[in-house]
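FYI, side chains are in, hydrogens and waters are out, and symmetry mates aren't considered; it's all heavy atoms of this structure. In what follows, chains are A, B, ... by sequence order, proteins preceding strands, each numbered from 1.
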Amino acid sequence: MLPALLVMALGAVLLGAALGFAAVKFRVEGDPLTEKIDAILPQTQCGQCGYPGCKPYATAIAKGEAEINQCPPGGDEGIRKLADLLGREYKPLSAEHGVEKPKALAVIDEQRCIGCTLCIQACPVDAIVGAAKQMHTVIAAQCTGCELCVPPCPVDCIAMVPIAEDISNWKWKYPVVAIRPVATR
Amino acid sequence: MRLFNFNGGVKPEPHKKNAAGLPIAVLPAPSFLVIPLHQSIGGTPRPLVNAGDFVLKGQRIGAGDFSTAGEMSSAVHASTSGQVVAVEERCMPHPSGLSALCVIIKPDGRDQWIARQPFDYRHHSPSDTRAYLRDAGIVGLGGAVFPTHLKISSGKHSALDTLIINGAECEPFITCDDRLMRERADAVLRGIGILRELLNAKQVLIGIEDNKPEALAAMTAAVQSSNQNGMAVVAVPTRYPAGGAKQLIRVLTGIEVPHGKRATDYGVQCFNVGTAYAVYEAVALGQPLISRIVTVAGNVAAPRNYEVLIGTPMKDVMAHSQPLDDTDRLIMGGPMMGVTMPGNEVPVVKATNCILVGSPKLFPPPPPEMPCIRCGECAKACPANLQPFELYWFSRAKIFGKAQEYHLFDCIECGCCAYVCPSNIPLVDYYRFAKSEIWAHEREKESADEARERYEFRQLREAREQQEKAARLAAKTAASRAAALAHVAESHPATNANQSAAEVSESASAATAPDQAAAPTPAELIAAALARARVQATEAKNTTAPTAAQQAEIDAIEARRAEIRAQAQPHLPPDD
Ligand code: SF4
Ligand code: SF4
Ligand code: SF4
Ligand code: SF4
């Protein structure tokens, strides 16, 4: 009986020491969890989650301060991925933070732009070019569709236009199984 | 010569007899040509012509944009002389049925060529030769339309062991390469000779399926009369897909190109016979790629091969073969790999090797899909050595990561697995779905990464600006304080420090106050702008009717631009 207990105790001590050593020796710098969460977030930087960008939201999730269902652009798929990563329960998108929409791009009506630069200051990814009293325009390839530039515009000349499907972004559809009437004899 | 074997494959009914028996008929220009600008990978070329322009046969009408993926995309040309009636979106020969930019030409009937000059590749650098082939619009004519100039980028420096010329043409119904080799073997061979020199290849193997004895005989005779060493015509056993690049390489050389490697890593490169012919026409005759041989077969009274101008609507080509009454669809390509066209108005493009006319009788709707019974037939038939049932399972369940682990992207969509599946599962449809989903995810990921970078950079910049502003402010107050102190010290040498400090703040506020009064506040500025905008909104004019001052500014900028352009001119690629 006693030798068995001793062996078990010794094993526990040794394993504990090994684990403690590994924890010190192989500690990872930075916060890899935040990075991993940030990699899943869509980087729209729209702030609908209640944080001033995707990174702050990722940090909040990592700290356990935020739910995983607050990012509308990430949508259902994003929530599922976060749930997978964090081992948390899946939840539908919280309605108070918004709804999932197809991705759109901001388009400035160049005829009406007064060159106030307010939209430039609002854009989180510097996707608008222009200068004071000069007409502004959106670099389509860089616009994330966050809509943050829309409210500041004093003359309401920014519209969100959904991205149209063309040959380069067209996708094969999920094969549908045609339902056919059963042959009756 | 010892031949090797590739795994799997199937032997569908060939259906080649009728069309292969007749010589190639050269079709006249249709009433309108619809030439899509995007015909091969590497970005859409930008149009070089406008509506109303007159173009000559062989004139370049679209070229790659050199600022983006320019050197990738191959040029497109007017297939005949005539007038450009429009540059507009038209329905593409693509399963989506979506439109893309096309140049519409009304032929003038004169069929007048540009000045054609042979290209002396022996006296040009490899990069010049590549640029020439790109500008001549040469792409792979086997169906994949990969730009040819990108495949010879190894240049003259690194020697190639084996140049493989693909004349296997394994897919049922299609006979365009067969006819080409029978009728124009010498020209094909000269094209092969040019490719061989460009690639510096030690040996050339021309692989032709053994069900084409006439083509084999014609090519063998041409090789013999050309006196080329190390060039052989090889009859390969007829088995679909012997014409797949990897499969033909395997059969002829025994080399199995593994996952993630390319044939060139093993000193092998593969070109289609049609491509060799196009290279001959471009280099020896100075003719860009403006036509190709197209098989019309299937549900037609007179199946045949035609030499068709690129841009000819498919219905015009089809009409020559008299489609039967019960025709219900057009397929571009063969029955195994072809895709159904959205309509019969779509034009023939460089990828169109066959217009397969379908009817419910010829291609009856498939029996209902049943569950996979894991019989493994598909794995036995797969020439790419994949496990199609696993790919199917993961694609169907949308577990794309797993599908990729099972090498989904090694699937050549040959359709062998679906052909043998006893459960009638349209396997390839699932793979196409999964592939395009994965591509879309990758595009999203790329743009998300870019957005993250730009967002972080902006945060950084804002922090820096704030710091700089604070520093500037601190420097300014320090300077004004010093100046005030000096001033105070001059006028009241006896007053103490406490007093002077009070005066400094007083004088400082006095100094800034008039400034503030003079400059309008931001709120006022915005109000003024709003008022201006209200006027503007009624008569939109920023771009349509600039004021004289704005116009002068624009002119000045344009003049500066012109100057810069003139300065840059000598350094630009010759194309511009
Ligand atoms: S809602 Fe989503 S996309 Fe928008 S900032 Fe928050 S995490 Fe980013
Ligand atoms: S342009 Fe507007 S919608 Fe687009 S990223 Fe900038 S702020 Fe967002
Ligand atoms: S052949 Fe069809 S039923 Fe058999 S394993 Fe493959 S997918 Fe399943
Ligand atoms: S379609 Fe793909 S999975 Fe099916 S047999 Fe061909 S290569 Fe294999």
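- Of the atoms belonging to B/Lys398, it is side-chain heavy atoms, and not backbone ones, that fall under 4.5 Å from chain A.
- B/His38 contributes atom NE2, which lies 8.0 Å from atom CD1 of A/Ile167 (distance to the nearest 0.5 angstrom).
- Heavy atoms closer than 4.5 Å to chain A are found nowhere in B/Glu446, neither backbone nor side chain.
- Smallest separation of non-hydrogen atoms from A/Pro175 and B/Phe433: CD-CB, 4.2 Å.
- Interface remark: B/Arg443 contributes side-chain atoms only to the contact with chain A (heavy atom separation under 4.5 Å).
- Interface check for chain A: of the options B/Lys445, B/Lys435, B/Glu450, B/Glu462, the most heavy-atom pairs under 4.5 Å are formed by B/Glu450.
- In this structure, B/Leu101 CG and A/Asp166 CG are separated by 11.5 Å, a value rounded to the nearest 0.5 Å.
- Between B/Ser395 and A/Tyr174 the shortest heavy-atom distance is O-CE1, 4.3 Å.
- Annotation: maximal heavy-atom pairing with chain A below 4.5 Å, among B/Ala100, B/Ser96, B/Ala451, occurs at B/Ser96.
- Contact detail for B/Ala440 and A/Lys171: the closest heavy-atom pair is CB-CD, 3.6 Å.
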For A/Lys55 and B/Glu456, run side chain to side chain contact (heavy atoms under 4.5 Å, CB included): C-alpha distance rounded to whole Å, both residues' side-chain angles, the deciding distance at 0.1 Å, then the answer. CA-CA 9 Å; A/Lys55 193 68 166 278; B/Glu456 278 166 9; 3.5 Å; yes
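- Nearest heavy atoms, B/Arg452 versus A/Gln45: CA-NE2, 4.1 Å.
- Contact tally against chain B (heavy-atom pairs below 4.5 Å) for A/Cys123, A/Ser168, A/Pro42: the top residue is A/Cys123.
- For A/Trp170, the CH2 atom is densely surrounded, since the number of other residues' heavy atoms within 6.0 Å is greater than 12.
- Residue contact with chain B, scored on non-hydrogen atoms closer than 4.5 Å, involves the backbone of A/Lys173 exclusively.
- Salt-bridge annotation for A/Asp126 and B/Arg458: present, with a side-chain N of the basic residue lying under 4.0 Å from a carboxylate O of the acidic one.
- Annotation: A/Glu89, atom CD; neighbour count of heavy atoms from other residues, nucleotides and ligands within 6.0 Å does not exceed 12.
- Within the 4.5 angstrom heavy-atom criterion, only side-chain atoms of B/Val339, from C-beta onward, approach chain A.
- Electrostatic pairing of B/Glu444 and A/Lys103 does not count as a salt bridge here, judged by no charged N lying under 4.0 Å from a carboxylate O.
- B/Gln466 CD: 12 or fewer foreign heavy atoms inside a 6.0 Å radius.
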